[in-house]
There are 2 protein chains.
Amino acid sequence: MTDPGSLLRDHGLSVTAQRIAVLRAVAACPHGTADDIAESVKSEIGSISKQAVYNALGTLVEKGVLRRIQPAGSPALFENRIGDNHHHLICRACGKTVDIDCAVGKTPCLHASHHHGFHIEEAEVIYWGTCPECRTQA
Amino acid sequence: MTDPGSLLRDHGLSVTAQRIAVLRAVAACPHGTADDIAESVKSEIGSISKQAVYNALGTLVEKGVLRRIQPAGSPALFENRIGDNHHHLICRACGKTVDIDCAVGKTPCLHASHHHGFHIEEAEVIYWGTCPECRTQA
DNA sequence: GTAAAAATATTGACTTAGTCCATTTTTGAC
DNA sequence: GTCAAAAATGGACTAAGTCAATATTTTTAC
């Protein structure tokens with residue numbers, strides 16, 4: 001991983017212990033919830049306020065350092081794998097989330113047939129299914 | 001629209017005034033939130049409990065009569081256009097949601113390159129962009 | 001290195017979307 | 001019409017996240 005300090009500076013952000021710890025936590029738990037990340041940060045630097053976690057995550061998503069995915073029926077998840085146009089495959093039963101490379105392979109990998117005058121920025125794809133473990137149980 | 005009563009019976013559900021009104025409300029406001037639907041139902045049959053709205057919507061989604069979409073940063077939306085594999089285009093600025101026919105045209109229109117042993121049931125696509133009105137304002 | 005300004009963090013109340021549960025009412029089958 | 005099962009009601013509750021005032025830290029300018 002790039003040094004978190006320079007990563008922040010490069011995006012014009014102040015370097016704070018909280019933000020560095022949040023970056024580390026996202027790297028450590030990919031597809032983690034805000035809460036997972038808060039827990040992970042606490043175990044690293046002792047304590048952090050809920051608000052600081054949300055602020056940091058929000059700012060970092062805004063600057064394009066992190067990506068937020070928000071699947072139906074789940075709190076938002078965060079990941080640091082960005083810019084490669086990958087998608088997500090989520091288990092309906094247990095919520096397990098894995099990365100999936102884009103089926104087509106380039107960005108944007110999809111084109112809407114009729115865009116209603118919208119300017120389309122991004123195509124987000126979520127595959128829903130059942131993971132091997134949950135399939136065995138059923 | 002199919003008669004709501006038979007639609008419910010066909011799916012093995014009891015026919016109640018609340019469910020019929022919910023079906024009508026979803027037809028009347030496509031891409032409405034649970035709250036929009038509750039309001040619409042109230043104006044039709046006078047009153048309904050919040051719980052009945054959630055129960056009805058949940059059951060109907062489960063039976064495949066309605067579809068739930070849950071975009072980031074928005075409460076769940078419901079629609080009755082199902083089975084044609086269409087997708088959604090949402091304005092980041094104002095939240096306006098429109099239907100988009102599948103770019104490829106058949107179900108499932110996408111195939112994950114590596115499915116990690118998952119059984120994939122559905123590919124959900126959300127296009128994010130800016131609608132013509134919001135684009136003019138910016 | 002210091003001080004002022006700007007940015008960020010803390011705390012705690014608050015909001016929104018939705019769930020849980022005990023009770024009452026309605027529905028469908030005989 | 002009766003009765004069991006299904007659904008609706010009402011109200012408390014929870015989870016995820018936002019707001020806003022204050023305190024602290026970081027950055028910038030000297």
Side-chain angles (χ1 to χ4, degrees), chain A residues 3-25 29 31-42 44-63 65-66 68-78 95, chain B residues 4-25 29 31-42 44-63 65-66 68-78 95 97:
Chain A
D3 168 53
S6 8
L7 190 58
L8 290 169
R9 255 187 300 272
D10 290 350
H11 286 86
L13 297 169
S14 312
V15 179
T16 67
Q18 290 83 350
R19 282 182 179 162
I20 289 174
V22 164
L23 280 173
R24 287 235 173 78
C29 39
H31 309 135
T33 64
D35 212 61
D36 294 337
I37 288 155
E39 284 311 305
S40 168
V41 167
K42 275 173 196 159
E44 190 182 344
I45 63 168
S47 87
I48 191 172
S49 67
K50 181 176 58 157
Q51 196 54 53
V53 174
Y54 281 106
N55 285 348
L57 290 171
T59 308
L60 291 166
V61 166
E62 205 172 290
K63 296 289 179 179
V65 180
L66 298 180
R68 171 192 278 128
I69 54 179
Q70 197 154 336
S74 151
L77 310 178
F78 296 86
Chain B
S6 7
L7 190 57
L8 290 169
R9 254 186 302 273
D10 291 350
H11 287 87
L13 297 168
S14 314
V15 178
T16 67
Q18 290 83 348
R19 282 181 180 164
I20 289 174
V22 164
L23 280 173
R24 288 233 172 80
C29 38
H31 310 135
T33 63
D35 211 59
D36 294 337
I37 289 154
E39 284 312 306
S40 168
V41 167
K42 276 173 196 160
E44 190 181 344
I45 63 169
S47 87
I48 191 172
S49 68
K50 184 175 56 156
Q51 196 53 52
V53 174
Y54 281 106
N55 285 349
L57 290 171
T59 308
L60 292 166
V61 166
E62 205 172 290
K63 295 289 180 181
V65 180
L66 298 179
R68 172 193 276 127
I69 54 180
Q70 197 154 337
S74 152
L77 310 177
F78 296 86
T97 303

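Throughout, a chain's letter reflects where its sequence line sits, starting with A, and its residues are numbered from 1.
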Report all interatomic pairs (protein N or O, nucleotide N or O of nucleotides 4-12 of chain D) with separations under 3.5 Å.
from	atom 1	to	atom 2	distance (Å)
D/dA6	O3'	B/S14	OG	3.4
D/dA7	OP1	B/R19	NH1	2.8
D/dA7	OP1	B/R19	NH2	2.8
D/dA7	O5'	B/R19	NH2	3.2
D/dA8	OP1	B/T16	OG1	2.9
D/dA8	O3'	B/Q18	NE2	2.8
D/dT9	OP1	B/Q18	NE2	3.3
D/dT9	OP2	B/S49	N	2.9
D/dT9	OP2	B/S49	OG	2.8

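Residue pairs that meet the side-chain hydrogen bond (donor to acceptor under 3.5 Å, both in side chains) test with at least one member in residues 46-62 of chain B, sequence neighbours left out, are B/Q51-B/N55.
Using a 4.0 Å cutoff to heavy atoms of chain B, the contacted part of DNA chain C runs 5' to 3' from C/dA17 to C/dG28.
Taking the side chain as every heavy atom from C-beta outward, A/D36 and A/T33 approach each other to under 4.5 Å. A 4.5 Å side-chain heavy-atom check between A/H31 and A/I69 finds at least one atom pair inside the cut-off. Between B/L8 and B/T16 the shortest side-chain heavy-atom distance does not fall below 4.5 Å.
For B/Q70, the side chain to side chain contact (heavy atoms under 4.5 Å, CB included) criterion is met by A/A72, B/R68, B/A76, not counting sequence neighbours. Here B/E44 pairs with B/A21, B/R24 under the side chain to side chain contact (heavy atoms under 4.5 Å, CB included) rule; sequence neighbours left out. A/S74 pairs by the side-chain hydrogen bond (donor to acceptor under 3.5 Å, both in side chains) definition with nothing, not counting sequence neighbours. Residues satisfying the side chain to side chain contact (heavy atoms under 4.5 Å, CB included) test with A/A17, not counting sequence neighbours, are none. Here A/S14 pairs with nothing under the side-chain hydrogen bond (donor to acceptor under 3.5 Å, both in side chains) rule; sequence neighbours left out. In this view, A/S40 and A/A25, A/C29 satisfy the side chain to side chain contact (heavy atoms under 4.5 Å, CB included) rule, not counting sequence neighbours.
For the pair A/D35 CG and D/dT18 P, the interatomic distance rounds to 14 Å; values are reported in whole Å. A/L57 places its CG atom 13 Å from the C1' atom of D/dA16, with the value rounded to the nearest Å.
A residue-by-residue look at B/V15 and B/A34 shows that B/A34 has its nearest nucleotide of DNA chain C further toward the 5' end. For B/R9 and B/Q70, each mapped to the nucleotide of DNA chain C holding its nearest heavy atom, the one lying further toward the 5' end belongs to B/Q70.
At its two ends the helix from C/dG1-D/dC30 to C/dC30-D/dG1 runs along axes set 40° apart, each axis drawn from five pairs and the angle rounded to 10°.
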